[in-house]
Amino acid sequence: MNRLAGVTSPYLLQHADNPVDWWPWTPEAFEEARRRDVPVLLSVGYSACHWCHVMAHESFEDEGVAALINQHFVPVKVDREERPDVDAVYMEAVQAATGQGGWPMTVFLTPEAEPFYFGTYFPPAPRHGMPSFPQVLEGVRRAWTDRRDEVGEVAGRIVADLSARSISETLAQGEPVPPGPEDLAAALLALTRDFDAVHGGFGGAPKFPPSMALEFLLRHHARTQSEAALQMVQATAEAMARGGIYDQLGGGFARYAVDASWTVPHFEKMLYDNALLCRAYAHLWRATGSDLARRVAVETAEFMVRELRTEQGGFASALDADSDDGNGRHAEGAYYVWTPGQLHDVLGEKDAAIAAHYFGVTQEGTFEEGASVLQLPDTDDLVDAERIAGIKERMRAARDSRPRPGRDDKVVAAWNGLAIAALAETGAYFDRPDLVQAATDAADLLVRVHMDWQARLHRTSRDGVAGANSGVLEDYANVAEGFAALSAVTGEGVWVEFAGLFLDTVLVHFAAEDGTLYDTADDAEQLIRRPQDPTDNATPSGWTAAAGALLSYAALTGSGPHRDAAESALGVVKALAGRAPRFIGWGLAVAEAALDGPREVAVVGPDGDPATRALHRAALLGTAPGAVVALGEPGMEPGSEEVPLLKDRPLVDGRPAAYVCRHFTCERPTTDPEELRERLRGTGEGLKG
C-alpha cells in the first residue's frame with residue numbers, strides 16, 4: 001500500500017506509484033517500525049532535484065529493490081522544501097558523519113527516529129568505489145539483526161553529539177551586539193580573498209549565485225564608497241548575466257553552474273534564486289544605472305510571473321532540470337540547449353550563423369552530445385538589435401514547442417515573501433504596475449490561505465489549500481520582509497500591520513532568552529534536535545531574515561523590543577563576519593542597515609499628486625542601506641491603516657513633503673525630490689542615481 005496518493009507535495013506525488021511502500025513523515029510510520037521491529041529508511045529530496053529523479057528511476061521504481069525495502073524497513077519519503085526542519089536535523093547528522101551532504105539524502109533511523117547510517121545518492125550497482133543501494137540495504141539489515149547493541153550505541157552517540165552542539169559556541173562571550181564598521185570591513189576583506197577575478201563570483205566549481213553577498217556589497221558601497229565592493233558586484237552580475245546560468249531566451253536563473261565560468265548550469269530553476277537575484281539586479285541598477293542590470297531584473301521578474309505564477313496568485317516553487325528530449329528520454333537541460341543544426345532548422349542559414357555567433361553555439365558544444373548552452377560572449381560587433389530581437393523571438397517560439405520541464409506548483413510562504421519584495425520593488429523602479437499587482441496578489445494569497453486566525457502561518461499550499469505543515473522561522477521572517485517592501489511601494493499600511501503580527505510570533509515562539517533564534521516554534525513537532533542555524537544557504541537563514549525584518553519593522557513603528565531583538569540576533573553576524581562572510585551575507589546586509597540607522601523616510605501628500613509621486617519615487621530609489629519608506633496622505637483618520645512613522649507629518653507650505661529620520665529623530669522636511677535623493681545616497685558622496 002502506497003500512502004502518498006493523498007498528500008499535497010508534488011515531490012511526494014511523483015513517488016505515489018512506486019512499488020516502494022512509502023509513508024509520509026508521520027508518527028504512525030514510526031509506530032509501524034516499532035511494531036515490526038525494523039529500521040526506518042528516510043529518503044529526503046525535492047521535486048527539481050536531478051539526482052533524486054535518477055535514484056528514483058534506478059532504485060525506487062525497481063521491483064526487486066522495492067521488495068527488499070518493504071520487507072526489512074519502513075520507508076519514509078520527505079519533501080525537504082515542505083519539511084525543512086526534518087531535512088535540517090538529519091542533514092546536520094549526515095554532514096557531521098560524512099563531511100558532505102546533498103540530495104537525495106538517505107538516512108537509516110531507529111524507530112525512535114535516531115540516525116545510525118547515512119548517505120546521499122547510492123547507485124543501483126557498485127560504481128566508483130561506492131556500494132550499490134541493494135548492498136547498503138543488505139548491510140543495514142544485517143547490522144540491525146545481528147549487531148543491534150552496536151547500532152543502538154552509534155545512534156545514541158550521534159544524538160548526544162547533535163544535542164551538545166550549541167550556537168553559543170559560535171557567539172562571542174557576553175551580550176550579543178551587532179557588527180561594527182571594523183567587522184564589516186573584515187568581511188569585505190575576506191570576500192575579496194575569495195573573489196574570482198577572472199569569472200566573477202566567489203570560490204570555484206560548482207559556483208552558486210551569491211545574491212546575499214551581493215546585497216551586502218551594494219550596501220557597504222553605499223555606506224563607505226568602497227570601489228572594491230561595487231566592482232565585485234558589477235563583475236559578478238555581468239558574468240552571470242552573460243553566462244549559461246542565465247536563460248538568454250526566457251529570463252531567469254538556473255540553480256547553479258557546474259563550472260567556475262558560469263557556462264553550464266544545473267538547469268533547475270528555483271523561485272527563491274530568481275526572487276533574490278531579481279532584487280539584487282534591481283538594486284544594482286538603482287546604484288549605477290546599469291542597462292544590463294535593468295534588463296536582467298525586469299526579465300527575471302517577467303519569468304517568475306510567466307512561468308511560476310499559480311492560478312491562485314502565488315508562485316510555484318521550481319521548474320525541473322529535466323524534460324523529455326523529444327526522443328522519449330528524460331534528459332537534463334533538453335529544453336534549453338541548442339545545436340547548430342537546430343538553429344539552422346529554425347532560422348535558416350544566414351540567421352543561424354548570426355545566432356550561433358551571438359549565443360556562442362558551436363559544433364563542439366558546451367554541453368552533452370555537441371549541444372551548447374546559450375551565452376552572451378563579447379558581441380559588441382553585432383549592432384543590429386532589431387534583427388537579434390527577431391531571432392530571439394523565433395527561437396523562443398521554437399523552444400516553446402519542446403516538451404517543457406515539470407513544475408513543482410506548491411506555494412512556499414518564505415519564498416513567496418522573497419518574490420513579493422522583488423516584484424514590488426522592480427515594479428516600482430521600472431514603472432511596471434503589473435509586477436506590483438502580482439506581488440499584491442501573492443500577498444493576498446498568503447493572508448487568505450497560509451495565515452490562520454492566530455496569525456500563524458502554514459508553510460505551504462497547493463491549489464489554494466494550505467498544507468498540514470507549520471511555518472518555520474524563515475516563513476515568518478521573509479513574509480514580513482516582503483510585506484514591508486510591498487507597503488513601501490503601495491502605501492498600504494495594512495501590510496505593515498500583518499508584518500507586525502508575524503514578527504510578534506517570532507518573538508514569542510522562536511526567540512530564546514539569550515537573543516538567539518530557533519528555526520522551529522516552541523510548540524512545533526519535537527525532533528531529535530530543535531534546529532538552529534544562523535548561516536545563509538540558498539536563501540537567507542531564518543535567523544538573519546528575522547533580524548532584517550525586525551529591524552525594518554522597528555524603523556517603521558519605533559518599537560524598542562523589535563529593535564532590541566534585531567540587534568541581539570545580529571550578534572552571530574559579528575562572530576562570523578570575518579571568518580565566513582559568504583555564509584552570512586544577508587546578516588551582513590542587515591548589519592549595514594543597522595549601522596546606517598536604517599534611515600526612516602516618511603512621504604506625505606495627496607494620493608495621485610505628481611509631486612507626491614516624485615518624492616515617493618526618490619525615496620524608493622535611495623541607496624542608503626536598508627532604508628524604510630512609508631507613504632501616506634496628510635491628516636489620516638485615527639484608526640486608519642497608518643504606519644507610525646507617518647504620524648504627525650504635515651505638508652510643508654501646503655506641498656507634499658518627505659521626512660528623513662533616524663530612530664524617529666528627523667531632519668527638516670523637504671519638498672524637493674532631488675534634495676531627498678541626495679539625502680538617501682548613503683554616507684558617501686557621488687553615487688550614481
Side-chain angles (χ1 to χ4, degrees), residues 10-11 14 45-57 80-81 102-104 121 199 201 205-209 211 239-278 296 299-300 302-304 306-308 315-339 342-343 359-362 365-376 392 395-396 398-409 415 538-539:
Y11 173 65
Q14 289 171 1
Y46 58 104
S47 179
C49 167
H50 171 69
W51 287 102
C52 298
H53 293 308
V54 171
M55 190 167 177
H57 294 320
R80 68 174 291 263
E81 297 171 348
W103 299 274
Y121 164 79
H199 302 297
K207 188 173 278 184
F208 291 80
S211 52
M240 289 193 301
R242 288 184 173 275
I245 193 172
Y246 185 67
D247 183 350
Q248 304 297 342
L249 288 184
F253 289 86
R255 178 71 195 91
Y256 62 88
V258 301
D259 49 45
S261 61
W262 308 107
T263 301
V264 178
H266 189 36
F267 289 90
E268 64 197 34
K269 285 182 173 179
M270 313 301 296
L271 172 62
Y272 52 74
D273 284 317
N274 284 284
L276 289 165
L277 287 165
C278 175
V296 172
E299 288 178 354
T300 303
E302 290 173 341
F303 157 75
M304 287 190 286
R306 183 181 67 250
E307 301 289 343
L308 295 177
F315 290 91
S317 297
L319 298 180
D320 285 357
D322 301 4
S323 59
D324 192 304
D325 65 359
N327 297 310
R329 295 178 300 177
H330 216 57
E332 184 179 5
Y335 183 71
Y336 299 101
V337 298
W338 291 79
T339 64
Q342 289 171 326
L343 289 179
F359 291 117
V361 177
T362 64
T366 54
F367 194 55
E368 299 167 354
E369 300 179 0
S372 291
V373 183
L374 300 186
Q375 304 175 73
L376 285 186
K392 289 175 69 173
M395 290 175 67
R396 274 194 296 266
R399 194 176 76 170
D400 286 344
S401 68
R402 297 176 178 179
R404 300 180 69 84
R407 188 173 84 160
D408 182 335
D409 58 357
W415 307 346
T539 59

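If you read the sequence from its start, that first residue is 1, and numbering goes on from there.
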Looking at CZ of R402 and CD of Q342, how far apart are the two atoms once the value is rounded to the nearest 0.5 Å?
5.0 Å
Within a strict 4.5 Å, meaning less than it, do heavy atoms of the V361 and T339 side chains meet?
no
Starting at SG of C49, measure out to OH of Y121 and round the result to the nearest 0.5 Å.
11.5 Å
What residues form a salt bridge (Lys or Arg N to Asp or Glu O under 4.0 Å) with E332, not counting sequence neighbours?
none
In this structure, CH2 of W262 is separated from OH of Y256 (nearest 0.5 Å) by 12.5 Å
Is there side-chain contact between Y46 and D408, with heavy atoms separated by less than 4.5 Å?
no
Rounded distance (nearest 0.5 Å) linking atom OG1 of T300 with atom CG of D273
11.0 Å
The salt bridge (Lys or Arg N to Asp or Glu O under 4.0 Å) partners of E268 (sequence neighbours excluded) come to none
So do M395 and Q248 actually touch side chain to side chain, heavy atoms under 4.5 Å?
no
Quick check: do Y272 and N274 have side-chain heavy atoms less than 4.5 Å from each other?
no
Which residues satisfy the side chain to side chain contact (heavy atoms under 4.5 Å, CB included) test with D324, sequence neighbours excluded?
P403
Are the side chains of D320 and H53 in touch, meaning some heavy atoms are under 4.5 Å apart?
yes
Assess whether side-chain contact (heavy atoms from CB on, under 4.5 Å) is satisfied between S317 and W415, documenting all intermediate values.
CA-CA 8 Å; S317 297; W415 307 346; 3.7 Å; yes
Tell me every residue that passes side-chain hydrogen bond (donor to acceptor under 3.5 Å, both in side chains) with D247, counting only those two or more places apart in sequence or in another chain.
K269, R399
Under 3.5 Å, is there a donor-acceptor pair between the side chain of R306 and the main chain of G250?
yes
Those residues that, when tested against T263, pass side chain to side chain contact (heavy atoms under 4.5 Å, CB included) (two or more places apart):
D259, S261, T366, Q375
Spatial distance of atom CG (L249) from atom OH (Y246) [nearest 0.5 Å]
10.5 Å
Yes or no on side-chain contact (heavy atoms from CB on, under 4.5 Å) for L319 and F267, after CA distance, side-chain angles and deciding distance?
CA-CA 9 Å; L319 298 180; F267 289 90; over 6 Å; no
Once rounded to the nearest 0.5 Å, what's the spacing between atom CZ of F315 and atom CE of M304?
7.0 Å
Do C52 and Y11 come within less than 4.5 Å of each other through their side chains, counting heavy atoms only?
yes
R255 side-chain N/O to A321 backbone N/O, donor-acceptor pair under 3.5 Å:
no
Is there side-chain contact between M240 and K207, with at least one heavy-atom pair below 4.5 Å?
no
Any residue meeting side chain to side chain contact (heavy atoms under 4.5 Å, CB included) with A398, in chain and number order, not counting sequence neighbours
W338, V346
If you define the side chain from C-beta out and look only at heavy atoms, does anything of F253 sit under 4.5 Å from V296?
yes
Over all atoms of both residues, closest heavy-atom pair of L276 and A538:
CD1-O, 3.6 Å
Closest non-hydrogen atoms of S372 and G365, given as atom of the first, atom of the second and distance, are OG-CA, 3.3 Å
